[in-house]
Amino acid sequence: MSSDQQPAHIASQRSHERTRLFIIVNLSCASMSGTVRIRDMSDFGARIEADTLPPLGERVKLRKGELSATGAIVRRVGNQAGVHFERPVNVVDWLPNKARSQLMVDIAFETIKPRFEGGPPTANIAANARAEASALPSSPATRDELEGIADMLDALADTMSEDPVIIASYLDKLQVLDIASQKLRKVGRDLAQQ
C-alpha cells in the first residue's frame, strides 16, 4: 500500500459524526506550513485538502483565529488528508457565524418537527440531546443571536410561502416555523429582562 492510501481499519474506526465545512485554516508542522481547506470535521478529527500536504504520521497544528487543534496525519488520498486530533474540539466553534446559527436552527427544527406532526421523535432522543448540546455555543445565547435566528426562520417561511405547491402541501407545517420564530423572540425578550 502506498503512503497516500487509507488503511481499511482506519476507515472502519470512524465513529464520530462529521460536519461538512469549507473553511480555510493555517496548518503548520515540521515539514511545511500554509493554508488548507477543512472539508469536514468531527470532535476528534478533520479531513483537510491542499495541493501540498504533510506525510502520514506527521504531527500538525491547525489554526483559525484564536482556535487551534493539534493532531497527526492518519491518512492521505490524493490532495486530501485525515487528521486525528490529540484532544476533542467543539466543531461549532470552527463554523462561520452564519453556519453556526443555521446549525442551531436545523437542530431546533428537527427536534420540534415530530411534535407538530403528531408522532414520536424519529431519532434517538439521547442522540438529539447530545447534538443539541454540542451545537450550542459555549457562551449563553444573547437576545441578538435569538433575534437573528428568528429572522432566518421568518425569511425561510416567507420564501416557502411564495411557492403555491408548498402552500398546498405544507400549510400547517409552515406554522411550525412561525411558532419557532415567535418562541425564540419571546426567549430573547425574557433573557433581556433578566
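If you read the sequence from its start, that first residue is 1, and numbering goes on from there. Because only heavy atoms are used, hydrogens play no part in the values below, and waters and symmetry mates are left out as well, while side chains stay in.
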- So Phe85 and Leu62, side chain to side chain contact (heavy atoms under 4.5 Å, CB included) or not? Walk me through it. CA-CA 10 Å; Phe85 299 143; Leu62 301 175; 3.9 Å; yes
- Item | Heavy-atom side-chain contact between Arg75 and His84 under 4.5 Å | no
- Task: Mind jotting down which residue pairs meet the side-chain hydrogen bond (donor to acceptor under 3.5 Å, both in side chains) criterion with at least one end in residues 27-38? Sequence neighbours excluded, please.
- Result: Ser31-Glu58, Arg37-Glu49
- Set of salt bridge (Lys or Arg N to Asp or Glu O under 4.0 Å) partners for Arg185, sequence neighbours left out: Glu147, Asp151, Asp154
- Item | Reported CG-to-CH2 distance for the pair Leu67 and Trp94, which is rounded to 0.5 angstrom | 5.5 Å
- Task: Salt-bridge test for Arg47 and Asp40: reply yes if a basic N is under 4.0 Å from a carboxylate O, no otherwise.
- Result: yes
- Could you check if a side-chain atom of Thr70 sits within less than 4.5 angstrom of a side-chain atom of Arg59, using non-hydrogen atoms only? yes
- Has the side chain of Lys61 got a donor or acceptor atom that lies under 3.5 Å from a matching backbone atom of Ser68? no
- Go through Asn90 and Asp43 one step at a time and tell me if the side chain to side chain contact (heavy atoms under 4.5 Å, CB included) criterion holds. CA-CA 6 Å; Asn90 184 350; Asp43 296 348; 5.6 Å; no
- Item | Shortest non-hydrogen contact between Arg18 and Ser42, atoms and distance | CG-CB, 4.1 Å
- Message: Apply side chain to side chain contact (heavy atoms under 4.5 Å, CB included) to residues Met32 and Leu27 and explain how you reach the verdict.
- Response: CA-CA 8 Å; Met32 62 167 285; Leu27 175 141; 4.1 Å; yes
Counting only pairs under 3.5 Å, give me each side-chain donor-acceptor contact of residues 186-193, with atom names and distances, residues two or more places apart or in other chains.
unit_1 : atom_1 : unit_2 : atom_2 : d
Lys186 : NZ     : Asp190 : OD2    : 3.0

- Query: For Ala81, what residues pass the side chain to side chain contact (heavy atoms under 4.5 Å, CB included) criterion, not counting sequence neighbours?
  - Reply: Ile48, Leu53, Ile73, Arg76
- Over all heavy atoms of both residues, which pair between Asp93 and Lys64 is shortest? Give the atoms and the distance, please. O-NZ, 4.4 Å
- Test side chain to side chain contact (heavy atoms under 4.5 Å, CB included) on Val36 and Ile24 and set out the steps. CA-CA 6 Å; Val36 298; Ile24 308 263; over 6 Å; no
